[in-house]
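Reading through the structure tokens given below for one structure.
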Amino acid sequence: MFELLTPEEMARADRLTIEAGAKDGFSLMLAAGRAVADAAQNMFSSQGPIAVLCGPGNNGGDGYVAAQFLREAGRDVICFSAGQPRPGTDAMRAAVFYKGDVRNLGEFAPAGFGGVIDALYGAGLARPVGGAEADAISAVNASGLSVIAVDLPSGVSGESGAVQGVAIRAWASVTFFRKKPGHLLQPGRGYCGIVHLADIGIADSVLDEIRPDSFENMPQLWLEKLPSPDVNAHKYSRGHAAVFSGPVHSTGAARLAAMAAARAGAGAVTLLSPSDALAVNAAHVTSIMLRETRTPKDAESFVRDRKVSAALLGPGYGSPSFARDNILTLLGAENGLSGLVLDADGITAFENRPEQLFGAKRNPAAVLVLTPHEGEFRRLFPDIASSGDMSKTAKACKAASRANAVLIYKGPDTVIAASDGRAAINANGTPALATAGSGDVLAGIVCGLLAQGMPAFEAACAAVWVHADAARRFGRGLIADDLPDQLPAVWTALARAG
Ligand SMILES: NC(=O)C1=CN([C@@H]2O[C@H](COP(=O)(O)OP(=O)(O)OC[C@H]3O[C@@H](n4cnc5c(N)ncnc54)[C@H](O)[C@@H]3O)[C@@H](O)[C@H]2O)[C@@H](O)CC1
Ligand SMILES: Nc1ncnc2c1ncn2[C@@H]1O[C@H](COP(=O)(O)OP(=O)(O)O)[C@@H](O)[C@H]1O
Ligand SMILES: [K+]
């Protein structure tokens with residue numbers, strides 16, 4: 001159930017089902033309308049009639065069907081039409097199927113209603129909402145009435161989650177077969193309320209043809225690839241992670257990341273420290289090892305000689321030129337590294353010269369993982385960031401492909417993208433993560449999982465999910481330092497679930 005379907009892919013699922021003779025279009029609509037009516041029965045109190053706002057397309061068709069089922073269940077219903085369905089369509093059949101009162105949308109006012117079903121526009125939303133529809137949506141939003149959206153809140157793009165003009169704020173959305181990216185990407189997600197997934201008789205086998213490449217980031221996506229130590233493991237065979245420390249006044253971020261890499265299961269973690277920061281780092285680490293590194297060559301030989309399998313550069317690192325030297329040296333050499341994570345200053349170092357990173361000589365065994373927040377993304381991919389008509393998923397995929405990297409595009413709706421077009425949207429995040437240093441911990445978890453040999457896309461997805469789960473477990477008052485300590489409980493719960 002973790003596949004996400006764009007509106008086009010959903011229309012294809014619909015067509016494949018109809019062509020296979022499994023169901024006709026109206027039967028799918030009857031099932032969709034039934035699911036909406038069931039949700040309304042559960043959600044709306046029996047006080048006041050239910051207003052069903054119906055558009056001219058199939059979304060409106062679902063609305064008329066739901067309205068009729070609610071009538072048959074004894075509920076008082078009035079449909080408000082935003083335009084007649086075209087003759088011969090399933091939506092027209094649905095309008096005929098409904099035997100109750102229909103009024104013009106222009107006559108709608110929320111006062112006196114017990115709840116609203118929003119069936120104006122769904123997957124077919126083609127332009128910004130205006131006119132009587134926009135007035136009705138604004139009136140519903142101001143009324144505080146409970147609202148169920150059919151498929152998606154009208155005004156929210158199923159593909160990108162963008163609001164086109166104005167959008168209805170729903171308490172719940174009933175969608176069909178699989179969620180759409182717009183249910184998870186902001187700002188759309190904030191308009192959906194609780195998303196119910198209804199089975200309307202489309203078989204899972206249609207996915208074999210559609211082959212969706214975007215997913216909700218759920219453990220099923222990566223659980224099988226999560227490393228677990230072999231019975232004969234020793235510390236270096238479990239994976240050795242190295243984290244570059246910043247200068248003396250800026251060492252905490254790297255230590256947070258190093259601790260996270262260790263709690264993610266790396267058997268050994270070493271902080272690579274400049275000479276001036278050795279004493280302050282030494283005063284703060286116990287299980288984490290420490291190594292003085294003065295030059296990129298020092299770091300490179302350490303990685304090679306001590307079998308470091310993944311490295312992280314960026315948290316609190318400072319100097320852009322040292323960052324570039326270290327990164328380009330590590331990436332170019334055959335040194336046994338299987339992953340290099342760049343965060344924060346490791347990304348900013350390539351501002352105004354991203355082609356130096358993208359065109360760098362690369363050891364093919366080492367996967368690059370970039371973990372930008374919004375601002376860092378813009379520094380590395382300014383043209384992609386400013387493209388107004390791309391979804392966050394499309395932006396992340398394009399950037400991952402250009403950089404030949406796995407990319408974690410952070411935020412309330414973090415998107416993880418691979419250079420082959422796969423993308424996962426994270427949905428278990430919490431604003432508690434908006435605290436200084438939490439990104440450093442995330443980068444450390446990615447590095448720790450890569451060090452253990454987990455494939456990079458899955459490692460990135462797992463890291464984002466467990467990072468958020470750790471925050472949820474801690475609750476209020478969270479600071480970044482608390483996150484690594486929550487990881488053992490997260491791993492235990494995942495092991496039980498798996
Ligand atoms: N694809 C499927 O598998 C199924 C789809 N169903 C329903 O069908 C919906 C999609 O139906 P449609 O493709 O007919 O699309 P919609 O019903 O979402 O809207 C299409 C109509 O509205 C017009 N329109 C779009 N945006 C507008 C705007 N801002 N202002 C004014 N007019 C606008 C379009 O020109 C078109 O006439 C789904 O959201 C879902 O509710 C369900 O019946 C079940 C099965
Ligand atoms: N409102 C939010 N909801 C969910 N996650 C959030 C939110 N704000 C920030 N985060 C997450 O918190 C982390 C912050 O990382 P970052 O911006 O790099 O912070 P820092 O540089 O302080 O470590 C990211 O993983 C991001 O996805
Ligand atoms: K809708």
Side-chain angles (χ1 to χ4, degrees), residues 5 7-18 23 25-33 35-36 53-63 65 82-83 85-86 89-91 94 117-134 147-156 158 164-168 170 173-177 180 186 198 200-202 206 253 256-257 314-316 343-344 347 371-376 408-415 426-443 463-464 467-468 471 480 483:
L5 296 185
E8 282 97 287
E9 287 171 334
M10 182 64 197
R12 202 160 157 229
D14 194 19
R15 271 200 315 277
L16 288 167
T17 305
I18 294 167
K23 291 251 178 193
F26 190 60
S27 309
L28 291 174
M29 193 172 274
L30 286 176
V36 173
L53 313 183
C54 295
N58 290 334
N59 197 254
D62 295 346
V65 169
R86 277 184 295 114
T89 58
D90 291 329
I117 294 178
D118 156 40
L120 289 170
Y121 304 108
L125 183 74
R127 52 189 175 274
V129 179
E133 292 91 323
V147 180
I148 294 176
V150 178
D151 199 6
L152 289 143
S154 297
V156 170
Q164 310 240 31
V166 61
I168 209 147
S173 298
V174 179
T175 193
F176 314 116
F177 184 52
K180 318 297 171 308
Q186 293 291 13
I200 56 168
I202 298 178
V206 300
L256 274 177
D343 180 41
I347 295 173
T371 63
H373 58 50
E374 193 74 47
E376 289 154 358
I408 300 178
Y409 189 172
K410 295 183 293 194
D413 51 357
T414 295
V415 174
N426 197 59
N428 72 334
T430 151
L433 283 170
T435 179
S438 93
D440 307 327
V441 173
L442 174 66
V464 170
H467 180 242
L483 286 166

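One-based numbering, in listed order, for ligands and for the atoms of each. Remember, it's a predicted structure, so these values are computed and weren't measured experimentally.
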For atom 10 (C) of ligand 1, which of A123, P7, A13 has the closest heavy atom? A123
Between L442 and ligand 2, which residue portion shows a heavy-atom distance shorter than 4.0 Å: side chain, backbone, both, or neither? side chain
Test your reading of the structure: does G124 have an N or O sitting under 3.5 Å from an N or O of ligand 1? yes
The criterion is salt bridge (charged side-chain N to carboxylate O under 4.0 Å, His left out); which residues satisfy it with D14, sequence neighbours excluded? none
Option of least heavy-atom distance to atom 14 (C) of ligand 2 (set: G411, A468, S438, A434): S438
Counting heavy atoms under 4.0 Å, the part of I200 that contacts ligand 1 is side chain
State whether the shortest distance between N or O atoms of A126 and N or O atoms of ligand 1 falls below 3.5 angstrom. yes
Heavy-atom closest pair, residues P153 and A170: CG-CB, 4.4 Å
Under 4.0 Å to a heavy atom of V129 - the qualifying atoms of ligand 1, by number: 29 (N)
Distance col, row T89:OG1 vs N58:CG, nearest 0.5 angstrom, shows 6.5 Å
Return yes or no for this condition: an N or O of P412 is under 3.5 Å from an N or O of ligand 2. no
Going by atom types only, do T371 and D343 share a side-chain donor-acceptor pair under 3.5 Å? yes
Which protein heavy atom lies closest to atom 25 (O) of ligand 2, and at what distance to 0.1 Å? H467 CE1, 3.5 Å
Nearest to atom 5 (N) of ligand 2, what protein heavy atom do you find, and at what distance? T430 O, 3.5 Å
Residue set satisfying side-chain contact (heavy atoms from CB on, under 4.5 Å) with A471, at least two apart, ordered chain then number -> T430, L433, L478, L483
Under a 4.0 Å heavy-atom limit, does L125 contact ligand 1 with its side chain, its backbone, both, or neither? both
So is A344 close enough to ligand 2, meaning a heavy atom under 4.0 angstrom away? no
What about V150: any of its N or O atoms under 3.5 Å from an N or O on ligand 1? no
Need the ligand 1 atom indices (1-based, order shown) with element for anything under 4.0 Å from a heavy-atom of G57. 14 (O), 17 (O)
Residue part near ligand 1, for P128, under 4.0 Å between non-hydrogen atoms: backbone
Among T89, N59, D14, whose heavy atom sits nearest atom 3 (O) of ligand 1? D14
Between T414 and G411, the two heavy atoms sitting closest are OG1-O, 2.9 Å
If the condition is side chain to side chain donor-acceptor pair (under 3.5 Å), which residues does D62 pass it with, not counting sequence neighbours? none
Measure the NZ-CG distance between K180 and L5 for me, rounded to the nearest 0.5 Å. 6.5 Å
Under 3.4 Å from the K ion (ligand 3), which protein N, O or S atoms are there? Could you list them by chain and number? N59 OD1, D118 O, D118 OD2, Y121 O, V150 O, L152 O, S154 OG
Looking only at non-hydrogen atoms, which of D62, I18, N58 approaches atom 40 (C) of ligand 1 most closely? D62
